[in-house]
Amino acid sequence: MVLSAAGQHLLRVSRPGAWGQHLLLRVSRPGAWGQHLLLRVSWPGAWGQHHLLRGIGSVSTTAKGFQEKEIREKLQAFPGGSIDLVKQESGIAVLTVNNPARMNAFSGSMMVELEERVSQLEEWTEGKGLIIQGAAGTFCSGSDLNAVRAMSNPQDGMKMCMFMQNVLIRLLRLPLLSVALVEGSALGGGAELTTACDFRLMVPGSMIRFVHKHMGLVPGWGGAARLVRIVGSQNALKMLSGALKVDPEMGLQIGLADGVLEGSLDGSGANALLEAEQWLGCYTTGPASVIRAIKNVVVSGRELPLDVALRTERDVFGTVWGGPANLQALASKAKHK
Ligand SMILES: CCCC(=O)SCCNC(=O)CCNC(=O)[C@H](O)C(C)(C)COP(=O)(O)OP(=O)(O)OC[C@H]1O[C@@H](n2cnc3c(N)ncnc32)[C@H](O)[C@@H]1OP(=O)(O)O
């Protein structure tokens, strides 16, 4: 049993030798919302490579606590907008946060739809890349404030937070190279959503802004934890405590943005999307099996203890070694000048 800096009890159990499962039992602080979170990390031996990192970190609790069905029902009570998914022949899918009347704020039903789209992407074995954009030239203004007001009690807030944490971490772990295409504003939960992608591309005039402080909040969809890993703790502290407007120039400087596009010519967003597809195409060229394996080894390297990451890498390696792309490259006597 280890006591973390935050005063939580962390109990880590691993089965020696079998490297089958790591269980992380987090006992919540007394007086907090009284639930015991069970984070289960499973490494089934016979995984398909596209399912490699599925199941890590899915959050479940005892019957008294988090119930996904109950949360889904509650979220569905706040309808509006949609999350649209188009899977393209190129292996790049486009996911659109679509609620333009509210600057693409996330209604409750959109949170549920996002989870469904992530499930569809988890099953998409031909996929290599994903672009997330907002409709009508702006990215996303975070949670729908009408839903936020209606769910402002701590229990509902915590349930929504757990639901979104779960969805966004699954999004980040998809075996696809993902890009947040930021036009207009990415505010609050919208800023958090950008951190659930591998890359962020910004157009001139766009901004990413963690406005949570001004709402009397901190990020709760996992955005702070991911932000620290992307820009470092100093920059993350400044961004959160100053609610800084990060424009493309600053984004590039601190490593939040991976590129700046020219952007829309006609305000439709079409040009930015084409540019983003071209940008991503440089990285998704090649067989899906290899691109997906690359993403999987990077996710395991980023998230797992070194010994486990090394074993994962070996297993992923086993899925491509002697595979069609490998044999073809050997037969063609490829040179890498
Ligand atoms: C853990 C998650 C934490 C969170 O995400 S908390 C939410 C954080 N986000 C916010 O506080 C965004 C608040 N909105 C704004 O600052 C501004 O509306 C924004 C996005 C800069 C756009 O400003 P403008 O271009 O001047 O447009 P506007 O204010 O007239 O907005 C157009 C319509 O959209 C609505 N809207 C914008 N953001 C919304 C939101 N998050 N939830 C619900 N409705 C939202 C806004 O109320 C307005 O509607 P209406 O035309 O007045 O009916």
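Everything quoted here is computed from the prediction, not taken from an experiment.
Contact annotation: the side chain of I92 never approaches that of L130 to less than 4.5 Å [non-hydrogen atoms, C-beta and beyond]. With a 4.5 Å cut-off on side-chain heavy atoms, L304 and T312 count as touching. You'll find the side chain of P287 stays beyond 4.5 Å of the side chain of K128, heavy atoms only. The shortest distance between side-chain heavy atoms of F139 and N104 does not fall below 4.5 Å. Residues M207 and L187 are in side-chain contact: their nearest non-hydrogen atoms beyond the backbone lie under 4.5 Å apart. Within the 4.5 Å cutoff, the side chain of Q67 has no heavy atoms near those of the E73 side chain.
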Exercise. Taking it one step at a time, do V203 and V260 satisfy side chain to side chain contact (heavy atoms under 4.5 Å, CB included)?
Worked result: CA-CA 6 Å; V203 304; V260 180; over 6 Å; no
For this session: For the pair D198 and L176, evaluate side chain to side chain contact (heavy atoms under 4.5 Å, CB included) and give the outcome as yes or no after the intermediate values.
Result: CA-CA 9 Å; D198 298 310; L176 306 170; over 6 Å; no
For this session: Could you walk me through whether E115 and V118 pass side chain to side chain contact (heavy atoms under 4.5 Å, CB included), step by step?
Result: CA-CA 5 Å; E115 192 278 330; V118 169; 5.8 Å; no
For this session: Walk me through it: do I132 and C197 pass the test side chain to side chain contact (heavy atoms under 4.5 Å, CB included)?
Result: CA-CA 8 Å; I132 301 185; C197 293; 3.7 Å; yes
For this session: Evaluate the salt bridge (charged side-chain N to carboxylate O under 4.0 Å, His left out) criterion for residues K159 and E70: first the C-alpha distance (whole Å), next the side-chain angles of each, then the deciding distance (0.1 Å), finally the verdict.
Result: CA-CA 9 Å; K159 286 174 186 169; E70 180 199 319; 2.5 Å; yes
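One distance of note links CG of D247 with NZ of K245; it measures 10.0 Å at 0.5 Å rounding. The structure places CG of L201 at 10.0 Å from OG of S206, a figure rounded to the nearest 0.5 Å. The CZ atom of R314 sits 9.5 Å away from atom CG of L310, with the distance rounded to the nearest 0.5 Å. Distance check: L114 CG to L193 CG gives 7.0 Å after rounding to the nearest 0.5 Å. The CE atom of M151 sits 4.5 Å away from the CG atom of D156 when rounded to the nearest 0.5 Å. In this structure, H212 NE2 and L240 CG are separated by 8.0 Å, a value rounded to the nearest 0.5 Å.
A donor and an acceptor atom, one from each side chain of S107 and D144, are nowhere located under 3.5 Å apart. Side chain to side chain, R311 and S300 fail the donor-acceptor criterion of an N or O pair below 3.5 Å. Of the N and O atoms on the side chains of Q133 and T96, at least one donor lies less than 3.5 Å from an acceptor on the other residue. Between the side chains of S82 and D84, at least one donor N or O sits under 3.5 Å from an acceptor N or O.
Pairing each heavy atom of A293 with each of V320, the nearest pair is CB-CG1, 3.9 Å. When all heavy atoms are compared, the tightest approach of G223 to E192 is N-OE1, 2.9 Å. Residues L280 and G129 share a closest heavy-atom pair of CD2-CA, 4.1 Å.
Classified by interplanar angle (parallel below 30°, tilted 30° to 60°, perpendicular above 60°), the ring pair F106/W221 is perpendicular.
With hydrophobic clusters built from ILVMFWY side chains whose heavy atoms lie under 4.5 angstrom apart, V228 does not share a cluster with M239.
More than 12 non-hydrogen atoms from other residues, nucleotides or ligands lie less than 6.0 angstrom from CD of Q76.
The pair R72-E116 meets the salt-bridge criterion, since a charged nitrogen lies less than 4.0 angstrom from a carboxylate oxygen. Under the 4.0 Å criterion applied to side-chain N and carboxylate O atoms, E113 and R117 are assigned as salt-bridge partners. Between E303 and R173 a salt bridge is recorded (basic side-chain N to carboxylate O distance below 4.0 Å).
Judged by distance alone, with hydrogens and angles left aside, the side-chain atoms of R209 form no donor-acceptor pair with the main-chain N or O of V246 at under 3.5 Å. R229 contributes no side-chain N or O that, together with a main-chain N or O of R302, makes up a donor-acceptor pair within less than 3.5 Å.
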